[in-house]
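Everything on this sheet refers to the single structure shown next.
We count residues from 1, following the sequence as given. Remember, it's 1-based here, ligands and their atoms both numbered in the order they're listed. Below, all heavy atoms of this structure are taken into account, side chains as well, without hydrogens, waters or symmetry copies.
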Amino acid sequence: MPLDRDLVLAALGRVRYPGFTRDIVSSGVVRDLIVEGANVAFRIEIGAGNPAVLGTIEREARAAVEAIPGVGRIAIGTQARPAAPPSAAAPGALDAGLLPGVQHVIAVASGKGGVGKSTVAVNLAAGLARRGARTGLLDADIYGPSIPLMMGIDERPDLDATGRAIVPFDRFGVRFMSLGFLVDKDAAVIWRGPMVMKAIEQLLRDVLWGELDVLVVDMPPGTGDAQLTLSQKVRLSGAVIVTTPQDVALADAIKGVAMFRKVDVPVLGIVENMSYFACPHCGKRADVFGHGGGRREADRLNAPFLGEIPLDAAIREGGDRGKPIVADSPDSPLAKAFLDVAERVEAALAEGEAKQARDSAGLGGWFSRRR
Ligand code: ADP
């Protein structure tokens, strides 16, 4: 059988990423594969700062390709992921030492509080994990750190053996950490901008996030320092804006879209939460706050519409019980609404990856390859 890319990719796809069940192809580690005649060349690229892992992967990848009958020369380049390209708005400010193993960081944001931003962030993260992405959730909403409750966590995080790094929780397949663990709840409301920025940076730097396909960040509401810090410190793959159908919430959502665009962060789309109420008795749908405003504004802003989530007591109860609906009853129509949003977010990330792969002649990342 003549050697071709598929054969080589299949062989490499049997090599596991050390310490994980995922293989090195689906986790985006193998890049720029070229097969010419009997010769094979590719690069192994992982997050910065883990030379031992790089060596192990190279050895095992080489052995896997060598085992293919008829293979000639094998050239493997290895590298830790280079610094992300700086965004136009914050030249030079990105910190390459932050989140070295994380492929995508996405912000979940809203113009104002109480629209269900945290609820969407939790269920989106659980949904992405359910769909197979290695997912993390960072609760950076200092003004309403409710996510530990929604994730069913009431203990404090542990430090690793060095005593310097924080071990994230693992719930519903999602690695999770909250700003709420670092600060006293009552003190949080009087925090000034620089303190917020420092705390967020600490969570990006000191938490053992490891290798992730996507880190979902629940942002504080509004368009303040936290948003700016995040967009300046790490390369955001995009922002998901959560709104309710009321005009006031929509007006705030528009401001959110404008802010992310100003700092050159793509808007992945708009989610309309508490979009309608499905009566548990008669099953009829009631548009409590008016409906369709999210889709309309998304169209007007030229941003994708990611879906609508109904107003339903089961969603709130899931949050209160520490069991997000997507994890608790994944086959329910309510969970499906969130899973649909997750799928559209994935599609948007895949599109971004495909574009980047075209620009750099690489293989793209996990989201684009699984499609
Ligand atoms: P935010 O993060 O925007 O402040 P939360 O996610 O904390 O909002 O939600 C505020 C309250 O509304 C919570 O009690 C939550 O359980 C509830 N909630 C959010 N979305 C829904 C929904 N679709 N249906 C029912 N209750 C919801």
Side-chain angles (χ1 to χ4, degrees), residues 106-127 137-153 171-172 174 176 178-180 185 188-189 196 200 216-224 226-227 230 239-246 248-257 270-280 285-295 305-330 332-342:
I106 60 176
V108 178
S110 67
K112 65 185 203 96
V115 300
K117 171 182 53 60
S118 299
T119 304
V120 170
V122 165
N123 282 287
L124 172 61
L137 174 62
L138 167 53
D139 167 21
D141 184 356
I142 186 174
Y143 305 107
S146 51
I147 301 205
L149 180 74
M150 293 181 182
M151 294 287 280
I153 291 163
R171 291 283 193 287
F172 321 113
V174 174
F176 166 70
S178 171
L179 201 58
K185 269 198 197 98
V189 285
V196 175
I200 290 180
V216 177
V217 184
D218 183 44
M219 302 300 294
T223 52
Q227 281 75 359
L230 195 67
V240 171
I241 313 278
V242 181
T243 182
T244 56
Q246 296 109 310
V248 272
L250 284 168
D252 284 323
I254 294 165
K255 276 190 225 151
V257 169
I270 293 178
V271 177
E272 185 174 282
N273 186 35
M274 309 197 210
S275 183
Y276 58 90
F277 176 68
C279 173
R285 178 175 160 146
D287 294 337
V288 188
F289 303 123
H291 153 258
R295 185 184 289 277
F305 185 63
L306 297 173
E308 38 194 49
I309 311 291
L311 175 71
D312 194 300
I315 294 179
R316 184 189 51 74
E317 284 159 14
D320 291 351
R321 278 190 301 118
K323 279 223 144 189
I325 191 103
V326 163
D328 199 28
S329 19
S332 66
L334 288 175
K336 175 146 190 331
F338 285 112
L339 285 163
D340 286 349
V341 170

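Within the structure, the closest approach of A121 to ligand 1 does not fall below 4.0 Å when heavy atoms are considered. Using a 4.0 angstrom heavy-atom cutoff, S110 does not count as in contact with ligand 1. Within the structure, ligand 1 lacks G319 among the residues with a heavy atom less than 4.0 angstrom away. Residue contact check for ligand 1: M150 places a non-hydrogen atom closer than 4.0 Å to it.
Where the criterion is an N or O separation shorter than 3.5 Å, residue side chain and backbone included, D141 fails it with respect to ligand 1. Backbone and side-chain nitrogen or oxygen atoms of G116 are examined, and one is located within less than 3.5 angstrom of a nitrogen or oxygen of ligand 1. Residue contacts with ligand 1: K112 is placed with no nitrogen or oxygen under 3.5 Å of a nitrogen or oxygen of the ligand (distance criterion only). At under 3.5 Å, not a single nitrogen or oxygen of G113, backbone or side chain, sits near a nitrogen or oxygen of ligand 1. Considering backbone and side-chain atoms together, G114 places an N or O closer than 3.5 Å to an N or O of ligand 1. Taking only nitrogen or oxygen atoms, main chain and side chain alike, N273 reaches within less than 3.5 Å of ligand 1. Ligand 1 has no nitrogen or oxygen under 3.5 angstrom from a nitrogen or oxygen of A313.
Within the listing of ligand 1, atoms 22 (C), 23 (N), 24 (N) sit less than 4.0 angstrom from a heavy atom of P310. Within the listing of ligand 1, atoms 1 (P), 2 (O), 6 (O) sit less than 4.0 angstrom from a heavy atom of S118. Taking every heavy atom of K117 and a limit of under 4.0 angstrom, the matching atoms of ligand 1 come to 1 (P), 2 (O), 3 (O), 6 (O), 8 (O).
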Under the criterion side-chain contact (heavy atoms from CB on, under 4.5 Å), I'd like the reasoning laid out for D218 against I147: C-alpha separation, chi angles, the key distance, then a yes or no.
CA-CA 9 Å; D218 183 44; I147 301 205; 3.4 Å; yes

Please report the C-alpha distance between V115 and T243 in whole Å, then the side-chain angles of each, then the deciding distance to 0.1 Å, and finally whether the side-chain contact (heavy atoms from CB on, under 4.5 Å) criterion is met.
CA-CA 6 Å; V115 300; T243 182; 5.6 Å; no

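Not one N or O on the side chain of E272 forms a donor-acceptor pair closer than 3.5 Å with the backbone of G307. Using a distance-only test at 3.5 Å, with no hydrogens or angles considered, a donor-acceptor pair links the side chain of S332 to the main chain of A335. Judged by distance alone, with hydrogens and angles left aside, the side-chain atoms of N123 form no donor-acceptor pair with the main-chain N or O of F338 at under 3.5 Å.
Applying the side-chain contact (heavy atoms from CB on, under 4.5 Å) criterion to R316, with sequence neighbours excluded, gives D320.
When all heavy atoms are compared, the tightest approach of F172 to K323 is CZ-CA, 4.2 Å.
Residue contacts with ligand 1, taken as heavy atom pairs separated by less than 4.0 Å, involve D312 solely via the backbone atoms N, CA, C and O.
Side-chain atoms of V242 and V108, non-hydrogen and from C-beta on, do get closer than 4.5 Å to each other. N273 places a side-chain heavy atom less than 4.5 Å from the side chain of I309. Under the 4.5 Å side-chain criterion, counting only non-hydrogen atoms from C-beta, P220 is in contact with D141.
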